[in-house]
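In what follows, a single structure is set out as structure tokens and then discussed.
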There are 2 protein chains.
Amino acid sequence: MFVILEGWAHRYKILPNGTRQVLAFLMPGDACDLHIGLLGEMDHSIQTLTNALVTTIGRDEIEKIFVDHPRIANAMYVSQLVDEGTMRAWITSMGRRTSIERVAHLMCELFIRARNIGLQTEPVFDLPLSQLLLADSLGMTAVHLNRVLKELRQENVMTLTRGCVSIVDIGKLIRIAGFDDNYLHRRIRAAA
Amino acid sequence: MFVILEGWAHRYKILPNGTRQVLAFLMPGDACDLHIGLLGEMDHSIQTLTNALVTTIGRDEIEKIFVDHPRIANAMYVSQLVDEGTMRAWITSMGRRTSIERVAHLMCELFIRARNIGLQTEPVFDLPLSQLLLADSLGMTAVHLNRVLKELRQENVMTLTRGCVSIVDIGKLIRIAGFDDNYLHRRIRAAA
DNA sequence: CGTCACGTTGAACATTCTCAACCCGAGTGG
DNA sequence: CCACTCGGGTTGAGAATGTTCAACGTGACG
């Protein structure tokens, strides 16, 4: 099992036709699934996006923790449930949000997650993700994403440049996204 | 925690604008998340789609099982990992497959899952899902889904009528979908 | 026999993609 | 120091895909 301490990574899948779908962005504190070793093979890939500091925890250590430290085990379960909630939110975005709503929603999510782990407090934060990568996570073309970002910029909602996001009007962003942070279970995560 | 013994159910989310996104279809043997009680609130809803037989397992019972029967606990983890793999496959479908590929992919998934739990063996099986519901799971309009189904029918791939799917050419269906069943981890699930 | 949910179809429209061109800043080799 | 290249990013125009709206069909059920 891996845990990211610093930097970013992502889960993704390459389809037979060569297109890519990003399934999740991993930030410091995020872990690969518990018990992934139980499955015979991986159904997707994981790769870092920046220089990153990653630690591994052996399987026997994990099992020891589960027995000896139920509160840590508990926190790990919760973290996994949050990951699942995030996947459900992504499915919802892909299925039932327009492109601009999807972009806004992802930005809200990344902003909240970055804030929760203390990466930043201002409405300006590092986002070391190329537009191509973001497009592959949002199920759209890099070209179209670029136009959507332009629109968000012109509407004075947010700007994305050189790996850095600046949120101008968070309220507007949330309104466009129809964002409800309950799936991130912030309070619980913060408590854990 | 709930387990479905007979019948179908689905997880779904209603957005502020009134649209619905189906997140998962639950068949006999499927369970709600372990430890869902750990989270303060649910980020989605669950509802049966047919008459169904559902059993509940109390939280203390679960914990007891986890301690006393590690192999059952193991099987439950695996089942949860399979559910996550399914969510990843859905994200991939929504993001990077055309509507006909998406429909074909879902049909492959439902067919394999139904076969795995012994619901049927022939390439004809009950599917008590309205086109509106299927459309809400595939991120498309019922109207468009209808046209896609028409195309699949005319191409002699499969037909869907009155709650019953008949797969005419499974090879063609798999080819259209670009379907790879590894995410369902059939062997492991079958073994568990 | 009326109603109601679901399925089917057509035509106009909107959204998103594709392809192609161009820009720009960061490295790199001459 | 300059020209070259290369990976993003940006823009335009036409084409494809999917939606919307509206009409009509059809079987189940009271």
Side-chain angles (χ1 to χ4, degrees), chain A residues 8 10 15 17-22 47 49-51 93-107 126-155 158-166 176-177, chain B residues 8 10 15 17-22 47-51 93-107 126-155 158-166 176-178:
Chain A
W8 290 65
H10 71 308
L15 281 91
N17 62 23
T19 57
R20 169 179 65 173
Q21 176 63 46
V22 172
Q47 212 171 71
L49 293 166
T50 64
N51 289 332
S93 266
M94 306 277 252
R96 285 289 175 252
R97 278 192 251 262
T98 64
S99 54
I100 191 168
E101 292 166 356
R102 258 196 329 261
V103 173
H105 198 274
L106 179 62
M107 291 303 149
D126 289 342
L127 192 75
L129 312 176
S130 71
Q131 292 188 8
L132 180 53
L133 193 75
L134 287 169
D136 278 348
S137 81
L138 292 163
M140 55 202 260
T141 301
V143 172
H144 191 56
L145 172 62
N146 185 284
R147 291 194 233 269
V148 170
L149 288 173
K150 181 179 176 186
E151 192 179 342
L152 287 171
R153 198 184 323 129
Q154 288 173 345
E155 299 284 334
M158 55 158 285
T159 60
L160 168 65
T161 38
R162 290 170 294 107
C164 179
V165 174
S166 163
I176 291 173
Chain B
W8 289 66
H10 70 309
L15 281 93
N17 63 22
T19 57
R20 170 179 64 173
Q21 176 63 45
V22 172
Q47 213 172 71
T48 57
L49 293 165
T50 64
N51 287 333
S93 266
M94 306 277 255
R96 285 288 175 253
R97 278 192 251 262
T98 64
S99 54
I100 191 167
E101 292 167 355
R102 260 198 324 265
V103 172
H105 197 274
L106 179 62
M107 291 303 150
D126 289 342
L127 192 76
L129 311 176
S130 72
Q131 291 188 7
L132 179 54
L133 193 74
L134 287 168
D136 278 347
S137 80
L138 292 163
M140 53 202 261
T141 301
V143 172
H144 190 56
L145 172 62
N146 185 284
R147 291 193 234 270
V148 170
L149 289 173
K150 182 179 175 186
E151 191 179 342
L152 286 171
R153 198 184 322 127
Q154 289 174 345
E155 300 284 331
M158 54 158 285
T159 60
L160 168 65
T161 39
R162 289 170 294 105
C164 179
V165 174
S166 162
I176 291 172

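Note that these values count all heavy atoms, side chains included, but never hydrogens, waters or copies made by symmetry. The structure presented is a predicted model; accordingly, all values stated were derived computationally and were not measured.
Here the P atom of nucleotide C:dC6 and the CG atom of B:L133 are 10 Å apart, to the nearest Å. If you measure from atom CG of A:L138 to atom P of C:dC17, you get 11 Å, rounded to the nearest angstrom. When rounded to the nearest whole Å, the span between CG of B:L145 and P of C:dG7 equals 9 Å. Put simply, CG on A:N17 is 10 Å from P on C:dT18, counting in whole angstrom units. At whole-Å resolution of the value, CG in A:D136 and C1' in C:dC17 are 14 Å apart. Computed from coordinates, the B:Q154 CD to C:dT9 C1' distance equals 12 Å when rounded to whole Å.
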Donor-acceptor contacts, no H, no angles, side chain residues 139-150 of chain B, under 3.5 Å, sequence neighbours left out:
| unit_1 | atom_1 | unit_2 | atom_2 | d |
| --- | --- | --- | --- | --- |
| B:H144 | NE2 | B:S99 | OG | 3.1 |
| B:N146 | ND2 | B:Q131 | OE1 | 3.0 |

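Taking every heavy atom of both residues into account, B:H10 and B:L49 meet most closely at ND1-CD2, 3.4 Å. In this structure, B:T50 and B:W8 approach most closely via the heavy-atom pair OG1-N, 3.0 Å. The two atoms that bring A:L134 and A:L106 nearest to each other are CD2-CD2, 3.9 Å, heavy atoms only.
Remark: B:N51 pairs with no residue by the side chain to side chain contact (heavy atoms under 4.5 Å, CB included) rule, at least two apart or across chains. By the side chain to side chain donor-acceptor pair (under 3.5 Å) test, B:Q47 pairs with B:Y12, sequence neighbours left out. Listed by chain and number, the residues in a side chain to side chain donor-acceptor pair (under 3.5 Å) with A:T19 are A:N17 (sequence neighbours excluded). Applying the side chain to side chain contact (heavy atoms under 4.5 Å, CB included) criterion to B:T161, with sequence neighbours excluded, gives no partner residue.
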Atom pairs under 3.5 Å, N or O on each side, protein against nucleotides 25-30 of chain D: can you list them with distances?
none

Any protein N or O atoms within reach of nucleotides 21-25 of chain C? Criterion: under 3.5 Å, listing atom names and distances.
none

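Near DNA chain C, meaning a heavy atom under 4.0 Å from it, residues 94-106 of chain B has no residue at all.
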Generate the contact string for nucleotides 6-13 of chain D. Rules: B means base contact, S means sugar-phosphate contact only, - means no protein heavy atom under 4.0 Å. ---SBBBB

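Separating the CE atom in B:M94 from the OG atom in B:S137 is a distance of 7.5 Å, to the nearest 0.5 Å. Once rounded to the nearest 0.5 Å, the distance linking CG of B:L160 with CE of B:M107 reads 5.5 Å. From A:R162, atom CZ reaches atom CG of A:D126 across 10.5 Å, with rounding to the nearest 0.5 Å.
Residue A:G139 is classed as a sugar-phosphate contact, given heavy-atom separations below 4.0 Å to backbone atoms only.
The stretch residues 93-106 of chain A participates, sequence neighbours left out, in these salt bridge (Lys or Arg N to Asp or Glu O under 4.0 Å) pairs: A:R96-B:D136.
Note on the helix from C:dC1-D:dG30 to C:dG30-D:dC1: angle between the axes of the first and last five pairs equals 30°, rounded to 10 degrees.
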